[in-house]
Amino acid sequence: MPELPEVEVVRAGLHPAVTGAVIERVEVLEPRSLRRHDGPVDDFVDRLGEATILSAVRRGKFLWFPFAAADGDTSHALVAHLGMSGQVLLRERHADDDRLLRIRLDLAHPTHGDIRLAFVDQRIFGSMALDTLEPTPDGEPAGYSGSRLLGHDAEQGDEPQDPAPWLSSIPHQVAHIARDPLDPAFDEHAFFTRMASRGSGVKRALLDQGLVSGIGNIYADESLWAAKIHFDQPCSSLTRSRVKLLLVEIRAVLYKALAEGGTSFDAQYVNVNGQSGYFAHSLNAYGQQGKPCPRCGTPIKRVSFMNRGSHFCPRCQRLR
């Protein structure tokens, strides 16, 4: 499943191409791809007609596009979740349809001209939906948009001087998702406090999207290896300094994965242009079972964990 870096790479690629574009035509080829939409296919199609996309925003693994409807209403967003194999691709209008195309949006952009947004999904676990926007509890922007990529401040002129209300609004179905570690509004103190109160293993906590979002199996294993922490070490047994170190390593791993375009093990994860990421070549623990630990030379071990696998160095990451 795509994790934070993969979804952010997609969002960053889409943002300049779709912001300000008018949706001229919508076609749903697979109704199951609207499983999270509260309404029939016709409702989805009609409400997007002549709407203007305002931005591409992400929190954790969720991606959404606030839009101004034909009547000027800005209280809704088009929400996309990639699931296991979903892809959001940019195509020329005249290009042949992708074999696994599920939803097609034809856009007219004031600068880029006519383009197509294609939602492709092999397993049909991903989805698109229209959802109501609600204010964020802390009043901060709901997620990454524009030059918030990698946590950099917006360049002059990149974001409006008087932020629009939709910037600090989040789709209802995403509101339960916690902020991710790269979000400028991520509450470190709350993270440390909640970690200290948990008796569960640290990896289980990292995979809890209500505690911290965007971290899946790959980046949890890589971050724990970097911090020399066993995946099943109880959270409450970790000192505050160890949790701080873990957060530093999580951010370092995510930044590196972003810089390398995410992790691609097969053709199911690609960016908006259909290109694969190459962070798989930088993995130290995940998928490296039997290979020597890059730090100490001990063979990396894989054990079953929550219907998946955990990869760790039995010498560097001892359960204490």
Side-chain angles (χ1 to χ4, degrees), residues 2 4 7-8 10-11 14-15 18-28 30-83 86 88 102-107 117 119 121 124-146 148 159-160 162-180 183-187 209-214:
L4 183 158
V7 181
E8 177 56 30
V10 171
R11 187 213 64 78
L14 291 173
H15 179 79
V18 304
T19 301
V22 176
I23 303 173
E24 294 190 331
R25 183 170 179 264
V26 180
E27 186 172 0
V28 178
E30 176 51 78
R32 287 179 295 173
S33 293
L34 296 184
R35 64 167 55 85
R36 292 185 176 90
H37 177 68
D38 186 16
V41 171
D42 288 347
D43 174 72
F44 180 84
V45 172
D46 293 344
R47 289 165 63 190
L48 283 177
E50 299 304 314
T52 301
I53 297 176
L54 303 173
S55 185
V57 191
R58 178 198 56 76
R59 175 180 287 198
K61 306 172 189 178
F62 276 89
L63 177 68
W64 70 90
F65 307 90
F67 64 86
D71 61 2
D73 178 45
T74 58
S75 62
H76 291 77
L78 169 62
V79 182
H81 194 284
L82 302 183
V88 183
R102 308 305 182 189
I103 300 174
R104 179 197 300 119
L105 284 77
D106 287 342
L107 312 178
L117 194 68
F119 184 71
D121 192 3
I124 319 182
F125 291 160
S127 67
M128 281 189 160
L130 302 186
D131 197 13
T132 304
L133 290 170
E134 54 187 56
T136 56
D138 57 10
E140 295 290 336
Y144 272 42
S145 62
R148 296 193 73 185
E159 301 282 3
D162 183 16
W166 54 263
L167 281 172
S168 55
S169 297
I170 190 167
H172 176 74
Q173 60 184 263
V174 189
H176 68 287
I177 300 296
R179 293 186 181 274
D180 64 66
D183 192 317
F186 180 77
D187 189 337
Q209 302 298 295
L211 172 67
V212 55
S213 67

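All residue numbers refer to positions in the sequence shown, counting from 1.
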**Asked** Is it true that a side-chain atom of S213 and a backbone atom of A178 form a donor plus acceptor pair closer than 3.5 Å?
**Response** yes
**Request:** Evaluate whether atom CZ of R35 has more than 12 neighbouring non-hydrogen atoms of other residues, nucleotides or ligands under 6.0 angstrom away.
**Result:** yes
**Contact summary for F119 and S127, nearest pair of heavy atoms** = CZ-N, 3.5 Å
**Request:** May I ask you to test the L78-L105 pair for a side-chain heavy-atom distance under 4.5 Å?
**Result:** yes
**Prompt:** Under 3.5 Å, is there a donor-acceptor pair between the side chain of H81 and the main chain of F62?
**Reply:** no
**Non-neighbouring partners of D121 that pass salt bridge (charged side-chain N to carboxylate O under 4.0 Å, His left out), sequence neighbours left out** = none
**Request:** Look up atom CG in L54 and atom CZ in F65, then write down how far apart they are to the nearest 0.5 Å.
**Result:** 12.0 Å
**Request:** Could you tell me whether the side chain of R11 and the main chain of A56 form a donor-acceptor pair under 3.5 Å?
**Result:** yes
**Message:** So for atom CG, which belongs to D73, do other residues, nucleotides or ligands contribute more than 12 heavy atoms lying within a distance under 6.0 Å?
**Reply:** yes
**Item:** Residue pair S145, L167: steps toward the side chain to side chain contact (heavy atoms under 4.5 Å, CB included) verdict
**Value:** CA-CA 8 Å; S145 62; L167 281 172; 4.0 Å; yes
**Item:** Carboxylate-amine/guanidinium contact R58 D180, below 4.0 Å
**Value:** yes
**Item:** Side-chain (T136) to main-chain (S168) donor-acceptor, under 3.5 angstrom
**Value:** yes
**Item:** Intermediate values then yes/no, side chain to side chain contact (heavy atoms under 4.5 Å, CB included), E50 and V22
**Value:** CA-CA 6 Å; E50 299 304 314; V22 176; 3.8 Å; yes
**Request:** Give the C-alpha distance, both sets of side-chain angles, the deciding distance and a yes or no for side chain to side chain contact (heavy atoms under 4.5 Å, CB included) between L63 and L14.
**Result:** CA-CA 10 Å; L63 177 68; L14 291 173; 4.0 Å; yes
**Message:** As a quick check of understanding, evaluate side chain to side chain contact (heavy atoms under 4.5 Å, CB included) for I103 and F44, giving each step before the final call.
**Reply:** CA-CA 11 Å; I103 300 174; F44 180 84; 4.3 Å; yes
**Item:** Spacing of R59 atom CZ and Q209 atom CD [to the nearest 0.5 Å]
**Value:** 11.5 Å
**Complete:** Closest heavy-atom pair, T19 versus S55, reported as atoms and distance to 0.1 Å, is OG1-CA, 3.6 Å
**Asked** Can you name the nearest heavy-atom pair linking S169 to L133, along with the distance?
**Response** CB-CB, 3.8 Å
**Asked** Taking the side chain as C-beta and beyond, is there a heavy-atom pair between E30 and I124 under 4.5 Å?
**Response** yes
**Item:** Interatomic spacing from CD1 in I23 to CZ in R47 - rounded to 0.5 Å
**Value:** 12.0 Å
**Message:** Quick check for you: to the nearest 0.5 Å, what is the distance between L48 atom CG and D43 atom CG?
**Reply:** 9.0 Å
**Asked** So, the side chain of D106 versus the backbone of E24: is there a donor-acceptor pair under 3.5 Å, distance only?
**Response** no
**Item:** Nearest heavy-atom neighbours spanning V57 and P66
**Value:** CG2-CD, 3.8 Å
**Request:** Over all heavy atoms of both residues, which pair between L4 and K61 is shortest? Give the atoms and the distance, please.
**Result:** N-CG, 4.4 Å
**Message:** To the nearest 0.5 Å, what is the distance between CD on E134 and NE2 on H172?
**Reply:** 6.0 Å
**Prompt:** What are the two closest heavy atoms between D183 and R179, and how far apart are they?
**Reply:** OD2-NH1, 2.9 Å
